[in-house]
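All values below were derived from every heavy atom in this structure, side-chain atoms included, with hydrogens, water molecules and symmetry-related copies excluded.
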Amino acid sequence: MNGYFAFLRKELTESMKNHRFLILFFLFLIFGVMSVFLAKYIPEILSALAAEMELHSEPVPLDAWKQFYKNISSVGFSAFIILYGSCLSSEYAKGTLVLLVVKGLSRKAVILAKYTAAAILMTVSYWISYGAAYGCTALLWQDIDLSHTAFAAASLWITGFLYLSILMFGCVLFRQAFTSILFTGGIVALISLLGMAEPIAAFHPLRLGTDMIDLISGTAAPADLMVPAVLSILLSVFGLWSAMRFFTKKQL
């Protein structure tokens with residue numbers, strides 16, 4: 001596709017200049033560090049503030065991972081979607097896409113480059129956040145022997161690609177960033193509702209974002225999430241393909 005790598009460099013450079021990457025990076029890093037410290041010390045703080053409150057159990061590493069995945073899957077990915085919800089609307093407003101396409105830039109290259117840039121920055125931010133959480137957990141607890149922590153992290157990471165493909169499709173359909181974000185939230189909510197049906201629940205793709213604690217605690221095995229993982233990847237590819245296909249026919 002003509003101009004893919006040049007446009008990708010442009011997207012990565014802009015993400016640094018407009019501080020989009022730095023905001024995402026530090027937000028995920030804060031979640032990685034603070035999730036562990038909150039899990040470790042919030043019970044002690046609450047006990048100190050309320051003398052009548054008694055701790056029934058000491059915090060354990062699993063509590064830190066629960067807090068980490070809760071923060072990343074809810075606030076972290078929501079912030080990611082909001083930050084990149086304007087990835088095409090800003091181009092429409094500036095009118096730059098028309099000039100670039102006239103000069104020979106492939107429309108498919110535009111969508112693929114924007115998706116790739118967002119995926120790279122999400123990946124870097126996410127795995128550094130995971131590394132920070134793992135390091136802080138090892139620092140605060142002597143024994144962190146839990147099952148499949150890396151696989152659980154990879155499961156939530158795959159979910160991020162699915163969210164991004166839905167967002168990219170929404171950005172193609174709608175010119176306003178706010179509408180694209182609402183579209184993404186609506187589709188994710190619809191997929192979640194479909195997952196409540198018993199025949200679908202076993203291989204529901206969003207299980208990747210909800211069953212991480214079961215993996216870490218040992219109540220679930222990686223094999224249980226293989227079908228949801230494959231389905232999530234296929235849906236991500238389909239969403240990206242749909243975005244490219246629709247964008248080739250969209251009037252700029």
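- Ring pair W127/Y130 is perpendicular by interplanar angle, where above 60° counts as perpendicular and below 30° as parallel.
- Residues F26 and F68 fall within the same hydrophobic cluster, defined by Ile, Leu, Val, Met, Phe, Trp and Tyr side chains chained together at heavy-atom separations under 4.5 Å.
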Exercise. Verify side chain to side chain contact (heavy atoms under 4.5 Å, CB included) between F238 and L234, making sure each step is shown before the conclusion.
Key: CA-CA 6 Å; F238 176 74; L234 291 176; over 6 Å; no
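- Using a 4.5 Å heavy-atom threshold, the side chains of Y84 and S15 count as touching.
- For the pair S35 and K70, the minimum side-chain heavy-atom distance is 4.5 Å or more.
- In terms of modelled atom types and a separation under 3.5 Å, the side chain of S236 and the main chain of S165 share no donor-acceptor contact.
- Taking CZ of F31 as the reference point, atom OG of S74 lies at 7.0 Å (rounded to 0.5 Å).
- With hydrogens and angles ignored, the 3.5 Å screen pairs no side-chain donor or acceptor of T219 with any backbone N or O of L215.
- When all heavy atoms of L167 and S180 are compared, the pair lying nearest together is CD1-O, 4.2 Å.
- If you take OG1 on T159 and CE on M212, they are separated by 7.5 Å, rounding to the nearest 0.5 Å.
- Hydrophobic clustering, with ILVMFWY side chains joined whenever heavy atoms are under 4.5 angstrom apart, keeps I187 apart from F178.
- Contact check for F161 versus T123: side-chain heavy atoms found under the 4.5 Å cut-off.
- Side-chain atoms of L240 and L164, non-hydrogen and from C-beta on, never get closer than 4.5 Å to each other.
- Using bins of under 30°, 30° to 60° and over 60° for the plane-to-plane angle, the ring pair F25/F21 lands in the tilted bin.
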Practice problem: Apply the test side chain to side chain contact (heavy atoms under 4.5 Å, CB included) to residues V124 and L24: give CA-CA distance (whole Å), side-chain angles for both, the deciding distance (0.1 Å), then the verdict. | Solution: CA-CA 10 Å; V124 172; L24 186 67; over 6 Å; no
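- Classified by interplanar angle (parallel below 30°, tilted 30° to 60°, perpendicular above 60°), the ring pair F28/Y126 is perpendicular.
- If you chain together hydrophobic residues whose side chains sit under 4.5 Å apart, L206 and V75 fall into the same group.
- Residue F247 comes nearest to V172 through the heavy atom pair N-CG1, 3.7 Å, listed as atom of the first residue, atom of the second, then distance.
- In this structure, D224 and R207 have side chains that are in contact, with non-hydrogen atoms separated by less than 4.5 Å.
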Practice problem: Apply side chain to side chain contact (heavy atoms under 4.5 Å, CB included) to the pair D211 and S155, showing each step before the final yes or no. | Solution: CA-CA 9 Å; D211 289 8; S155 298; over 6 Å; no
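- At least one side-chain heavy atom of S86 sits less than 4.5 Å from a side-chain heavy atom of R20.
- Not a single donor-acceptor pair under 3.5 Å links the side chain of H148 to the backbone N or O of D214.
- F7 has its side chain out of reach of T116: every pair of non-hydrogen atoms, C-beta onward, lies at least 4.5 Å apart.
- Both L22 and I72 are assigned to one and the same hydrophobic cluster, defined by single-linkage of ILVMFWY side chains at heavy-atom distances under 4.5 Å.
- Hydrophobic clustering (side-chain heavy atoms under 4.5 Å, transitive across Ile, Leu, Val, Met, Phe, Trp, Tyr) groups L8 together with M16.
- With salt bridges taken as basic N to acidic carboxylate O contacts below 4.0 Å, one links E91 and K10.
- T179 places none of its side-chain heavy atoms less than 4.5 Å from the side chain of L173.
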Quiz item: Passes side chain to side chain contact (heavy atoms under 4.5 Å, CB included), D63 versus V60? Steps please.
Solution: CA-CA 6 Å; D63 296 323; V60 294; 3.4 Å; yes
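- Across all non-hydrogen atoms, the minimal contact from I158 to S232 is CG2-OG, 3.7 Å.
- K114 places no side-chain N or O within 3.5 Å of a backbone atom of L88 that could act as its donor or acceptor partner.
- Atom CZ of F77 sits about 10.5 Å away from atom CG of L162, to the nearest 0.5 Å.
- Note that CD1 of I213 is 10.0 Å distant from CD of Q67, once rounded to the nearest 0.5 Å.
- Here the OG1-CD1 distance, from T248 to I111, works out to 9.5 Å after rounding to the nearest 0.5 Å.
- Counting all heavy atoms, side chain and backbone alike, L112 lies closest to M244 at CB-SD, 4.2 Å.
- The aromatic ring centroids of F183 and F174 lie less than 6.0 Å from each other.
- S125 contributes no side-chain N or O that, together with a main-chain N or O of M122, makes up a donor-acceptor pair within less than 3.5 Å.
- The heavy-atom pair separating L62 from S217 by the smallest distance is CD2-CB, 4.1 Å.
- Classified by interplanar angle (parallel below 30°, tilted 30° to 60°, perpendicular above 60°), the ring pair F246/F169 is perpendicular.
- The heavy-atom pair separating L208 from P228 by the smallest distance is CD1-O, 3.8 Å.
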